[in-house]
Amino acid sequence: MDLEPIRRSIDWEQPFPPQEYDDRRRRVREALAAQDVAAIYVTNPPDLCWLTGYDMVWFHLRCLTGLLIRADSDEAVLFDYVTHKTIVATTPEVREVVWFREASDATGTSGRTVEKDAAIIADHMIERGLRGARIALQLMCFSPHATTLLQLGETLNEAGIATGDGSVTVEWLRRVKSPREQVVMRDAAQIADAGMVAAQGAIREGARETDVEAAAMTEMLGRGAGYPALRTMVGSGPRSGTRHSPPTHRTLKRDDLIYVDFCASLHRYHVNLVRTFSVGSCDPRIAEMMDKADRSIDILIQAAQPGMPLSELQSVGEAYATEAGLMDKAWFVGGYLMGLSLPPDWVGNLWVGPRFGMPDVTLEPGVVFNFENQFDPPPDWGHNTGVAYIDTLMMTETGLQPLSRLPRTVQDVS
């Protein structure tokens with residue numbers, strides 16, 4: 001299939017130059033060689049985007065779209081469906097494509113199956129001399145469904161190709177942002193601040209939680225952002241501590257706290273920001289708690305040193321919360337790495353305080369993470385059930401820097 005007629009029509013600037021993508025794929029090849037793995041079949045959408053710029057909105061459960069990267073060659077082959085020919089053609093870093101056949105029978109019903117797609121992948125690998133080699137699959141990712149990956153693994157094994165788990169191989173390389181990526185994340189942070197200011201402007205008695213979301217998203221999209229990988233969270237009054245819940249049609253009332261949590265997403269790079277606002281008076285005990293919590297970021301900045309494991313920084317944050325008398329009311333003190341993400345989540349496997357057996361990340365320039373101070377006020381402190389802030393921080397050559405310029409204390413909008 002000739003993609004060049006479409007490719008020649010590209011008249012918009014790409015977020016990164018070819019050299020950036022070349023370097024990313026080179027680092028993957030080096031990581032594979034160090035693990036004695038012949039190749040990796042990348043299906044995790046954020047990893048695909050990081051390696052090629054490929055950005056597609058519908059990775060359905062049986063979608064085997066993926067990128068084959070070999071340790072011994074600079075070739076990177078995308079496997080995809082002809083449905084996406086325009087996406088592929090307008091993604092310059094996709095340089096070689098193998099198409100899944102989408103033949104239809106006489107009734108118009110598609111004849112494509114996971115088994116057929118997997119066989120196409122296996123046949124290509126055999127043609128390229130990978131029989132008897134060990135191939136990494138991304139067994140822990142949002143696309144495709146586990147049964148689809150298991151079918152691919154079974155097909156490859158039957159073809160004489162051994163498979164193993166390479167779920168975090170690319171994500172580990174993504175943990176350190178290049179200078180160009182750092183610029184994008186700083187730009188995203190400015191958009192996030194503008195979105196939060198717009199959200200604040202929409203907060204008033206009688207407004208709906210969805211009105212607050214609309215204001216934030218309208219502002220950010222108008223500044224060139226994309227939809228974040230996770231839905232915006234807005235909670236007010238008795239919902240201010242629900243967390244992980246979307247905005248509703250509840251109307252804001254006097255003395256409500258309003259919790260607003262979103263990411264600005266620029267070129268799919270996410271900067272997380274949370275602030276809490278009050279419509280009218282805020283219980284002085286809550287205000288005092290947030291005044292104390294505000295200092296946590298300064299404590300982290302003072303403690304951060306190049307080469308420090310993030311787990312140590314987590315301990316610093318927890319120690320301060322304990323010393324300040326906040327820990328007994330804390331829902332979560334900590335964070336996770338931020339960067340390139342696609343739906344349905346902006347969180348990967350790498351946390352400030354490592355979880356689920358994942359490795360610890362050390363602080364070095366280009367490491368970006370959020371840090372949260374989220375609290376559940378006691379029931380006798382009023383009808384509001386939660387209060388919080390989240391900042392995104394970047395490690396630089398001169399130290400740890402917060403990317404937001406907005407105050408972290410409760411802001412009265414009355």
Side-chain angles (χ1 to χ4, degrees), residues 15 42-51 53-59 138 140-143 167-168 170-177 181-196 199 213 216-217 219-221 223-235 242-247 259-275 310 331-332 334-356 358 361 366-374 388-395 402-404:
V42 178
T43 52
N44 190 33
D47 294 342
L48 277 173
C49 187
W50 186 71
L51 290 165
Y54 182 93
D55 188 3
M56 191 262 290
V57 301
W58 190 36
F59 290 90
Q138 296 188 302
M140 185 172 59
C141 66
F142 287 111
S143 175
S167 298
V168 191
V170 180
E171 184 179 353
W172 181 254
L173 299 176
R174 292 197 285 118
R175 78 193 188 282
V176 179
K177 309 300 181 289
E181 289 176 300
Q182 293 175 44
V183 170
V184 171
M185 296 207 73
R186 288 188 183 279
D187 290 344
Q190 293 183 22
I191 294 173
D193 275 3
M196 192 62 76
E213 178 189 28
M217 289 304 300
E219 181 67 27
M220 292 191 291
L221 292 174
R223 290 173 177 262
Y227 287 102
L230 191 65
R231 295 162 64 189
T232 299
M233 293 164 266
V234 179
T242 57
R243 304 190 183 93
H244 302 161
S245 62
Y259 167 98
V260 183
D261 182 350
F262 57 70
C263 272
S265 171
L266 181 62
H267 305 312
R268 305 312 312 159
Y269 284 80
H270 287 62
V271 169
N272 191 202
L273 185 63
V274 170
R275 292 295 185 264
L310 279 181
W331 173 72
F332 181 54
Y336 39 81
L337 267 65
M338 301 297 303
L340 192 155
S341 294
L342 276 77
D345 202 352
W346 63 51
V347 180
N349 292 294
L350 304 177
W351 293 62
V352 176
R355 297 186 176 193
F356 312 115
M358 291 294 107
V361 175
V367 169
V368 183
F369 59 94
N370 79 346
F371 203 83
E372 311 187 12
N373 272 245
Q374 304 221 37
Y389 73 78
I390 298 177
D391 265 11
T392 298
L393 302 105
M394 178 185 292
M395 189 64 180
L403 297 184
S404 175

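Here the structure is a predicted model, which means the values were calculated and not measured. Position 1 is the first residue of the sequence, and the numbers go up from there.
Here the straight-line distance linking atom CG of Asn272 with atom CG of Leu230 works out to 9.0 Å at 0.5 Å rounding. Taken to the nearest 0.5 Å, the CE atom of Met233 stands 7.0 Å off from the CD1 atom of Ile390. Annotation: the span from Met185 atom CE to Met394 atom CE amounts to 6.0 Å, rounded to 0.5 Å. The distance from atom CZ of Phe332 to atom CZ of Phe371, rounded to the nearest 0.5 Å, is 7.5 Å.
In this structure a side-chain-to-backbone donor-acceptor pair under 3.5 Å is missing from His244 to Thr242. A distance-only check finds no donor-acceptor pair linking the side chain of His267 to the backbone of Val184 [under 3.5 Å]. For the pair Thr232 (side chain) and Phe262 (backbone), a donor-acceptor distance under 3.5 Å is absent.
Here Asn44 pairs with Asp47 under the side chain to side chain donor-acceptor pair (under 3.5 Å) rule; sequence neighbours left out. Residues passing the side chain to side chain contact (heavy atoms under 4.5 Å, CB included) test with Thr43 are Tyr41, Gln138, Cys141, Pro144, Leu149, sequence neighbours excluded. With sequence neighbours excluded, the residues satisfying side chain to side chain donor-acceptor pair (under 3.5 Å) with Asn349 are Glu171. Qualifying ring-ring contact (aromatic ring centres under 6.0 Å, His included) partners for Tyr269, counting only residues two or more places apart in sequence or in other chains: Phe16. Under the side chain to side chain contact (heavy atoms under 4.5 Å, CB included) criterion, Ser404 pairs with Asp193, Leu273, Arg275, Asp391, Leu406, not counting sequence neighbours. Contacts of Arg243 classified as side chain to side chain donor-acceptor pair (under 3.5 Å), with partners at least two apart in sequence or in another chain: Gln374, Asp376. Scored by the side chain to side chain donor-acceptor pair (under 3.5 Å) test, Ser167 finds Asp165 as partners (sequence neighbours excluded). Considering only residues two or more places apart in sequence or on other chains, Arg231 meets the side chain to side chain contact (heavy atoms under 4.5 Å, CB included) condition with Pro246. Every residue meeting the side chain to side chain contact (heavy atoms under 4.5 Å, CB included) condition with Pro247, not counting sequence neighbours, appears here in chain and number order: Glu209, Thr210, Glu213, Val234.
Looking at Trp172 and Leu350, their side chains come closer than 4.5 Å, going by heavy atoms from C-beta outward. Between Pro46 and Arg268, every side-chain heavy-atom pair lies at or beyond the 4.5 Å cut-off. Inter-residue side-chain proximity for Gln190 and Arg223 is flagged as unmet; no heavy-atom pair is nearer than 4.5 Å. Looking at Tyr227 and Met217, their side chains come closer than 4.5 Å, going by heavy atoms from C-beta outward. Side-chain contact check for Trp351 versus Val361: every heavy-atom pair is 4.5 Å or farther apart.
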Distance-only check: which donor-acceptor pairs under 3.5 Å involve side-chain atoms of residues 335-348, not counting sequence neighbours?
residue : atom : partner : partner atom : Å
Tyr336  : OH   : Trp346  : NE1          : 3.4
Tyr336  : OH   : Asn370  : ND2          : 3.2
Tyr336  : OH   : Glu372  : OE2          : 3.3
Ser341  : OG   : Trp346  : O            : 3.3
Asp345  : OD1  : Val347  : N            : 3.1

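For the residue pair Ala264 and Ala188, the shortest heavy atom distance occurs at CB-O, 3.3 Å. Across all their heavy atoms, Val260 and Ala199 have their closest contact at CG1-CB, 4.4 Å. The two residues Ser265 and His270 have their closest heavy-atom pair at OG-CE1, 3.3 Å.
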